[in-house]
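Data first, discussion second: the structure below is written as structure tokens.
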Amino acid sequence: MGREKVLFKSEERKSLAEVAAVLRQVADKVEQGSISLGQGDSKVVLDFPGTLTLEIKAEEEEKRHRKRSLEIELEWAVGIEEEAAGLVIG
């Protein structure tokens, strides 16, 4: 099993409008084939292949209070093209 190395991480509270704006920027960069992520002295550039694996997951966790999350993950093998699949969002 391989080792995971975090190249970049950011977590901050934002308004709905701010989150939507970030998601639009990410979508534009994915469509362009490359994204640059930076914060302080940390910066990483990711180049996307023609096809990606898209994972969307909704979770609910209960501890002191109920917490929900929506995770959107893009995954690809560097240097390998993958076949597209069909997800429908309604």
Side-chain angles (χ1 to χ4, degrees):
M1 195 174 209
R3 224 175 37 154
E4 183 177 284
K5 177 182 176 183
V6 176
L7 300 176
F8 180 85
K9 183 175 180 178
S10 174
E11 185 173 330
E12 52 192 316
R13 296 187 63 81
K14 293 186 174 293
S15 69
L16 288 177
E18 290 169 323
V19 170
V22 169
L23 291 173
R24 283 186 196 94
Q25 287 178 317
V26 170
D28 289 344
K29 294 299 184 179
V30 168
E31 191 169 45
Q32 293 168 13
S34 181
I35 191 168
S36 173
L37 304 169
Q39 189 172 43
D41 292 338
S42 177
K43 182 179 178 183
V44 65
V45 176
L46 301 173
D47 295 316
F48 303 114
T51 358
L52 305 169
T53 299
L54 171 64
E55 179 181 335
I56 299 176
K57 180 169 45 171
E59 295 179 322
E60 184 171 275
E61 180 182 351
E62 287 199 44
K63 288 186 179 177
R64 291 182 303 161
H65 52 79
R66 189 168 42 177
K67 178 181 174 183
R68 289 184 173 174
S69 65
L70 173 64
E71 298 176 12
I72 301 171
E73 181 176 320
L74 304 176
E75 186 176 273
W76 64 96
V78 177
I80 299 174
E81 288 290 329
E82 299 177 8
E83 291 186 27
L87 166 71
V88 177
I89 298 176

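Basis for what follows: all heavy atoms, side chains included, without hydrogens, waters or symmetry-related copies.
- Nearest heavy-atom pair across F48 and I35 is CZ-CG2, 3.6 Å.
- Residues V78 and V45 are members of separate hydrophobic clusters, defined by side-chain heavy-atom contacts under 4.5 angstrom among Ile, Leu, Val, Met, Phe, Trp and Tyr.
- The closest side-chain heavy-atom distance from K5 to R3 is not below 4.5 Å.
- Between the NZ atom of K29 and the CZ atom of R24 there is a distance of 16.0 Å, given to the nearest 0.5 Å.
- A heavy-atom distance below 4.5 Å is not found between the side chains of E75 and E55.
- Note: the hydrophobic cluster containing V19 does not contain L74 (ILVMFWY, side chain heavy atoms under 4.5 Å, direct or indirect links).
- Scanning all heavy atoms of the two residues, the minimum distance from D47 to W76 falls at O-NE1, 3.6 Å.
- Counted within 6.0 Å of CG on L16, heavy atoms from surrounding residues, nucleotides or ligands total 12 or fewer; the atom is thus considered open.
- Looking at L54 and L52, their side chains never come closer than 4.5 Å, going by heavy atoms from C-beta outward.
- A continuous path of hydrophobic side-chain contacts links V30 to I56 [ILVMFWY only; heavy atoms under 4.5 Å].
- A donor atom on one side chain and an acceptor atom on the other are not found under 3.5 Å apart for S42 and Q39.
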Legend entry - side-chain contact (heavy atoms from CB on, under 4.5 Å) evaluation trace for S69 with K67: CA-CA 7 Å; S69 65; K67 178 181 174 183; 5.7 Å; no
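- Environment of CD in E31: sparse, with no more than 12 heavy atoms of neighbouring residues, nucleotides or ligands closer than 6.0 Å.
- The shortest non-hydrogen separation linking K14 to E18 is CA-OE1, 3.4 Å.
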